[in-house]
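To start, the structure under review is shown below, and the notes come after it.
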2 protein chains.
Amino acid sequence: MALKSIKPERRRLADKVYEQLVNAIANREISVNDRLVQEKLATELQISRTPVREALMRLEHEGVLSASISGGFRLYQMNKEEIRELYQARAAIEGQAARILATRKNPDEIADLRETILREEDIQIKTVQNYFKANHNIHRRFIELTGNRFLLEMLNVTWGKAMAIHLFGSIAEVDLAKSLGSHMALVDVIESGDKTASLEAVTQHIQEGFELQIRHLED
Amino acid sequence: MALKSIKPERRRLADKVYEQLVNAIANREISVNDRLVQEKLATELQISRTPVREALMRLEHEGVLSASISGGFRLYQMNKEEIRELYQARAAIEGQAARILATRKNPDEIADLRETILREEDIQIKTVQNYFKANHNIHRRFIELTGNRFLLEMLNVTWGKAMAIHLFGSIAEVDLAKSLGSHMALVDVIESGDKTASLEAVTQHIQEGFELQIRHLED
DNA sequence: ATTATGTATACTGTATACGGTATACGGTAC
DNA sequence: GTACCGTATACCGTATACAGTATACATAAT
């Protein structure tokens with residue numbers, strides 16, 4: 001006898017609601033003006049309020065949503081200073097990742113990065129969302145390859161906070177394309193094995209992303 | 001008339017439960033063998049299960065507790081590899097903080113750090129908890145001074161995950177005292193304004209903390 | 001017309017009820 | 001005694017009920 005274990009974890013409806021909400025935000029089905037109301041969502045999903053509430057509160061704690069005093073949750077809107085700090089935090093995570101990868105100088109990892117970049121940069125339908133997703137996938141891959149689950153978790157949370165900025169901002173495609181094209185150079189630096197240079201390069205890259213972002217918020 | 005606004009936020013019982021649980025863990029009132037059961041906690045706190053459940057789930061998502069398949073939550077016990085990754089993540093956060101502070105070279109901030117270190121290193125009752133708290137306060141101050149709320153949040157979450165390791169480990173006092181004494185040197189490097197050296201120094205310091213930790217886990 | 005006030009409505013937070021699953025335990029067959 | 005099985009118990013996840021607070025709107029007072 002060799003049957004697989006079926007349920008290793010406690011299952012929760014709230015997790016599914018959470019995922020659905022994250023996807024809905026990423027696909028711009030929830031806009032900055034929408035108010036997410038527990039009862040409405042619950043009837044829509046054909047479940048009770050409890051798991052809906054749990055998912056909403058989780059997103060609130062993660063800084064994606066904010067609870068309005070008059071009821072309902074909405075996408076948290078960062079101010080410019082918060083965005084600056086968020087990019088600084090991203091630099092911490094991704095800079096460290098670059099250091100780790102540069103120290104290891106693992107050819108498989110380097111090759112994986114190059115592949116990922118080539119694949120993701122090859123965008124067919126040039127929408128802001130697609131640029132956004134490609135960029136996300138590339139940056140996430142850097143962290144995934146470090147194998148550090150906490151760095152990955154921090155990046156995910158950080159990226160979640162940023163969703164509302166990126167998805168509902170108005171960056172021009174041409175700028176996005178240019179920004180997306182600058183990833184391969186980062187791999188070259190990492191491949192050289194210079195961990196300080198790698199950190200500096202990634203930091204610089206993220207700083208440029210921030211400036212691109214800010215320029216378009218000022219309009 | 002100039003009355004202060006009373007309730008700017010939605011208040012929730014779950015937040016109080018959360019705080020109480022965090023404090024209880026930090027004060028070693030909850031041990032690694034304890035099983036936290038929703039119903040038991042609820043009757044103990046004289047409230048219903050709902051807010052207790054919310055607080056427990058939040059701590060689960062933060063990686064402090066883990067839900068046992070057979071019911072109840074317990075302190076999450078990291079393995080050695082996870083501890084290593086956690087320290088690596090801390091280095092990301094605190095290394096970036098050091099870079100920021102070194103770049104600014106603000107004399108007020110430098111003075112604040114020195115004050116904090118002197119105050120916290122002056123421990124009256126030499127218990128493991130007290131060393132732990134002092135170390136926490138010093139490291140947190142570095143991040144607080146950057147003014148970056150996300151770095152601070154990440155440090156808090158990271159530190160939360162580490163509570164169970166530190167509090168129930170068995171590091172000798174003498175080692176802790178030595179480790180605690182090495183903070184002032186970090187400030188000196190930051191004061192020099194060399195951001196790379198600052199990052200390296202902090203990384204090195206955290207690496208030493210990790211090795212101290214690991215040495216005592218192997219017993 | 002504008003301001004104040006009462007009342008309905010919208011939503012929330014907390015408590016409780018209910019059904020299901022997993023462990024614990026005690027009895028029965030060998 | 002040991003292996004197996006059935007039932008009791010513990011605990012959870014989800015649904016629902018209930019009470020309190022904030023907004024909206026209509027009505028009354030100036």
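Chain naming here is simple, since letters A, B, ... match the order of the sequence lines and numbering starts at 1 in each.
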Residues within residues 31-44 of chain A bordering DNA chain D, heavy-atom distance below 4.0 Å:
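Per residue number, the list is empty: none.
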Taking DNA chain D as the partner, which of residues 52-61 of chain B come within under 4.0 angstrom of it by heavy atom?
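Those residues whose heavy atoms fall under 4.0 Å from DNA chain D, taken from residues 52-61 of chain B in numerical order, are Arg53(B).
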Any residue meeting side chain to side chain contact (heavy atoms under 4.5 Å, CB included) with [X], in chain and number order, not counting sequence neighbours:
X         : answer
Gln20(B)  : Leu45(B)
Glu153(B) : Lys161(A), Phe150(B)
Thr116(A) : Asp112(A), Arg119(A), Glu120(A), Arg141(A)

Between Ser48(A) and dT14(D), is there a contact of a side-chain N or O with OP1 or OP2 at under 4.0 Å?
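Answer is no, no contact under 4.0 Å.
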What's the closest nucleotide to the Ile47(B) side chain, out of dA22(C), dT14(C), dA15(C)?
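So the nucleotide nearest the side chain must be dA15(C).
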Given dT14(C), dA22(D), dT16(D), identify the nucleotide with an atom nearest to the side chain of Ser70(A).
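The closest nucleotide is dA22(D).
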Please figure out whether Gly71(A) or Thr50(A) has its closest DNA chain C nucleotide nearer the 5' end.
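Its nearest nucleotide being more 5', the pick is Gly71(A).
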Check this for me: does any side-chain nitrogen of one of [X] and [Y] sit under 4.0 Å from a carboxylate oxygen of the other?
X        : Y         : value
Glu60(A) : Arg12(B)  : yes
Glu94(A) : Arg140(A) : no
Lys16(B) : Glu19(B)  : no

All ring-ring contact (aromatic ring centres under 6.0 Å, His included) counterparts of His136(B), not counting sequence neighbours:
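With sequence neighbours excluded, His136(B) shows a ring-ring contact (aromatic ring centres under 6.0 Å, His included) to Trp159(B), given in chain and number order.
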Please list, chain by chain and in numerical order, all residues satisfying ring-ring contact (aromatic ring centres under 6.0 Å, His included) with Tyr18(B), sequence neighbours excluded.
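ring-ring contact (aromatic ring centres under 6.0 Å, His included) check on Tyr18(B) returns nothing, list empty.
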What salt bridge (charged side-chain N to carboxylate O under 4.0 Å, His left out) pairs are there with at least one residue in residues 61-76 of chain B, not counting sequence neighbours?
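Listed once each, the pairs are Arg58(B)-Glu62(B).
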Sequence neighbours excluded - salt bridge (charged side-chain N to carboxylate O under 4.0 Å, His left out) pairs with any residue from residues 22-51 of chain A:
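For residues 22-51 of chain A: none.
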For His61(B) together with His61(A), are the ring centres under 6.0 Å from each other?
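Ring centroids of His61(A) and His61(B) are no less than 6.0 Å from each other.
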Taking five pairs at each end of the helix from dA1(C)-dT30(D) to dC30(C)-dG1(D), what angle separates the two helix axes (nearest 10°)?
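Computed angle between terminal axes is 20°.
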Using whole Å, what does the distance between atom C1' of nucleotide dC12(D) and atom CZ of Phe73(B) come to?
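Taking atom C1' of dC12(D) as the reference, CZ of Phe73(B) is at 9 Å.
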Rounded distance (Å) that lies between atom P of dC11(D) and atom CZ of Arg12(A):
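Taking atom P of dC11(D) as the reference, CZ of Arg12(A) is at 16 Å.
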What N/O pairs connect the protein and nucleotides 17-20 of chain D at under 3.5 Å? Give each pair on its own line.
none

If we check side-chain contact (heavy atoms from CB on, under 4.5 Å) with Gln96(A), which of these qualifies: Asn148(A), Thr146(A), Leu151(A)?
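Between Gln96(A) and the candidates, side-chain contact (heavy atoms from CB on, under 4.5 Å) is satisfied uniquely by Leu151(A).
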side-chain hydrogen bond (donor to acceptor under 3.5 Å, both in side chains) involving Ser68(B) - partner list, sequence neighbours excluded
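So Ser68(B) forms a side-chain hydrogen bond (donor to acceptor under 3.5 Å, both in side chains) with Ser70(B).
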